[in-house]
Asker: 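This is the structure, below, for whatever I ask next.
It should be emphasised that the depicted structure is a prediction, and the values quoted were computed from it without experimental measurement.
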Amino acid sequence: MSIQQAGSSRRNKWVALVDGTNFFVSCERAFSPRLHGRPVGVMSNNDGCIIARSDELKALGVPMGAPVHKIQHLIRRHRIALLSSNFTLYADMNRRLNDILSCFSDRVEPYSVDESFVELSGFFTDGLLEQGRQIEQAIAQQAHLPVGVGIAQTRTLAKLANSQAKLKRQGPKVSVLDADADSTCQLLEATPVEEVWGVGKRLAERLRRLGIDNAWQLREAPEAMLRKRFSVTLARIQMELKGQPCHDGSGKETAKKQLRVSRSFGRASDNQQEVLDALRHHVQRAAEKLREQKSLVKTFSIFLRTNPFRSDRPQHSDTLLYQFDQPTADTTEMLEAARKLLRRLWREGYHYHKAGVLLMELVDASPAQLSVLETSETQNQRLKRERLMQVMDRVNLSQGRGSVTLGVGMKEAGWKARQEKRSPAYTTSWQELPKVVAR
DNA sequence: TCTGGGGTCCTAGGACCC
DNA sequence: TCTGGGGTCCTAGGACCC
């Protein structure tokens with residue numbers, strides 16, 4: 001196993017991590033002035049727990065992931081505004097953010113729904129700070145979103161620089177971290193090891209037992225020991241802390257290797273038909289994603305699970321796999337597979353709480369993948385269905401997701417998540433455009 | 001009553017083969 | 001009495017991320 005090094009750490013090659021501050025909350029605020037200056041939270045699917053918090057909500061001591069039902073007393077006392085998540089809006093705002101970033105660099109790599117890496121070349125350190133400010137300003141002006149910008153030689157350091165930037169009380173939230181600067185030693189010493197990107201709770205515990213408590217100690221630890229006692233992953237993190245890039249941008253835009261669609265139900269169900277309805281929905285969505293990235297699936301699977309928090313009820317959780325004879329992107333074939341699998345997986349007397357679909361072993365949908373043994377008749381059928389899928393995808397893209405489905409409509413189904421406080425799809429639905437009223 | 005969803009990468013260990 | 005060793009492939013599960 002070798003450590004892959006992507007390029008050398010030449011002084012003029014830098015990477016910026018641009019990250020939306022309290023992103024989901026900021027997206028909501030961009031369209032709703034009443035949300036400014038008060039505690040705001042965005043809830044998970046099903047309005048179950050808190051997945052984004054404004055600074056005011058953080059100040060009240062509400063932790064990330066807090067179950068909503070456990071903070072009811074705070075909600076009333078402090079006039080907390082809670083919103084259901086509106087991922088259509090957040091994804092669209094993310095697209096805008098990346099459009100703006102692409103004016104600053106032709107190498108922008110979206111990393112998650114609220115952050116992107118941007119390669120910056122040919123700058124000296126002070127020029128970098130100014131560049132970061134311009135990025136921050138452009139996003140504030142054009143997308144009305146606050147961001148933090150962290151710049152360094154590697155992504156791991158840019159992550160740390162970004163957290164530094166966000167700590168700034170006033171002025172631009174931009175920070176540059178030079179791996180070779182003297183000040184970096186102090187900063188890394190003051191950084192607990194679990195705050196390093198890629199070091200979670202478990203690894204941190206093990207590192208602490210060896211006397212490695214902070215980022216500087218990790219950077220200076222013997223590399224051979226890290227590789228032997230831990231893994232190549234930790235050795236790469238160490239290289240990155242030294243300023244030698246090990247993650248590069250080559251992974252961008254590659255097709256996903258697995259796709260998953262799953263949801264908890266609005267209420268638990270012991271009705272097989274109802275669960276099948278939920279799975280049908282998930283299958284259709286998964287198949288769309290599959291066709292979007294131009295892949296075919298070989299191994300298909302579904303899973304079911306009861307609510308693990310209900311220790312008073314019997315628990316059942318299981319997954320079943322299905323192998324397609326030929327890789328496919330056809331929704332009808334996947335629906336059929338899901339139906340068969342569910343019949344085998346189903347157990348009477350359990351209240352199921354979540355169901356999902358997993359597409360594994362994805363292959364490229366090039367014509368070479370099709371069987372040479374296919375008869376002209378089956379080929380005709382396949383082409384007809386492919387055209388049907390194309391039409392469905394186009395309609396759903398232009399008219400909104402779920403406009404056309406195979407089988408029963410999904411409108412009032414019992415498994416549907418609760419989303420009682422969702423904001424409108426301001427930017428992606430003609431029906432929900434913000435209204436301006438002249439007085 | 002009420003506790004998210006969707007990913008990636010790596011490793012250990014079993015199965016199998018010669 | 002002694003009961004191989006080394007390779008590959010696959011899968012489950014751990015750990016981490018946002």
Asker: A:L259 side chain: which of B:dG7, B:dG6, B:dT3 is closest?
Answerer: B:dG7

Asker: Each nucleotide in nucleotides 13-18 of chain C should get exactly one letter: B, S or -. Can you fill that in based on protein heavy atoms under 4.0 Å?
Answerer: --SSSS

Asker: Rounded off to whole Å, could you give me the NZ-to-P distance for the A:K257 and B:dG6 pair?
Answerer: 19 Å

Asker: Rounded to whole angstrom units, what separation is found between the CZ atom of A:R263 and the C1' atom of B:dG7?
Answerer: 14 Å

Asker: Side-chain N or O of A:R236 less than 4.0 angstrom from OP1 or OP2 on B:dC9?
Answerer: no

Asker: Step through the shown structure and confirm whether more than 12 heavy atoms of other residues, nucleotides or ligands are within 6.0 Å of CZ on A:R313.
Answerer: yes

Asker: May I ask you to verify if any side-chain N or O of A:R310 is less than 4.0 angstrom from the OP1 or OP2 atom of B:dT3?
Answerer: no

Asker: Taking only the side-chain heavy atoms of A:N307 (C-beta and beyond), determine which of B:dG7, B:dC10, B:dT3 contains the nearest atom.
Answerer: B:dT3

Asker: Can you measure A:I51 atom CD1 to B:dG5 atom P for me and round it to whole angstrom units?
Answerer: 10 Å

Asker: Just how far, in rounded Å, is P of B:dG6 from CG of A:L290?
Answerer: 15 Å

Asker: Can you figure out which of B:dG6, B:dT3, B:dT11 approaches the side chain of A:V232 most closely?
Answerer: B:dT11

Asker: Is there a donor-acceptor contact under 3.5 Å from the side chain of A:S102 to the main chain of A:D99?
Answerer: yes

Asker: Roughly how many Å is it from CZ in A:R260 to P in B:dG6, rounded to a whole number?
Answerer: 7 Å

Asker: Could you state the atom-to-atom distance from CZ of A:R227 to P of B:dT11 in whole Å?
Answerer: 11 Å

Asker: Nearest 0.5 Å, please: how far is CG in A:D364 from CG in A:L296?
Answerer: 8.0 Å

Asker: Whether A:E115 and A:K159 form a salt bridge (side-chain N of Lys/Arg under 4.0 Å from carboxylate O of Asp/Glu) is what I want to check.
Answerer: yes

Asker: Kindly say if A:K289 contacts the phosphate of B:dG7, meaning a side-chain N or O under 4.0 Å from OP1 or OP2.
Answerer: yes

Asker: Is the distance between the ring centroids of A:H353 and A:F309 under 6.0 Å?
Answerer: no

Asker: Where does the angle between the aromatic ring planes of A:F31 and A:Y426 fall among parallel (under 30°), tilted (30 to 60°) and perpendicular (over 60°)?
Answerer: parallel

Asker: Which ranges of DNA chain B pair up as stems, where a stem means three or more consecutive Watson-Crick or G-U pairs with both distances under 3.5 Å?
Answerer: B:5-18 with C:5-18

Asker: Quick one: does any side-chain atom of A:Q238 pair with a main-chain N or O of A:R219 as donor and acceptor, under 3.5 Å?
Answerer: yes

Asker: Looking only at side-chain atoms of A:H353, point me to the closest of B:dG7, B:dG5, B:dT3.
Answerer: B:dT3

Asker: Does A:R208 pair with A:E205 as a salt bridge, N-O distance under 4.0 Å?
Answerer: no

Asker: For a quick test of reading the model: is some side-chain N or O of A:N45 closer than 4.0 Å to OP1 or OP2 of B:dG5?
Answerer: yes

Asker: So what does A:R285 hit on the nucleic acid, given a heavy-atom distance under 4.0 Å: a base, only sugar-phosphate, or nothing?
Answerer: nothing

Asker: Spell out, as yes or no, whether a donor-acceptor pair under 3.5 Å connects the side chain of A:N271 to the backbone of A:Q273.
Answerer: yes

Asker: Take the protein atom NZ of A:K354 and the nucleotide atom P of B:dG4, then report the distance between them rounded to whole Å.
Answerer: 7 Å

Asker: Roughly how many Å is it from CZ in A:R313 to P in B:dT3, rounded to a whole number?
Answerer: 11 Å

Asker: Within 45° of the axis and under 6.0 Å from the centre of the six-membered ring of A:F117, does NZ or CZ of A:R155 qualify?
Answerer: yes

Asker: Can you list, in residue-number order, the parts of residues 71-100 of chain A that come under 4.0 Å of DNA chain C, counting heavy atoms only?
Answerer: none

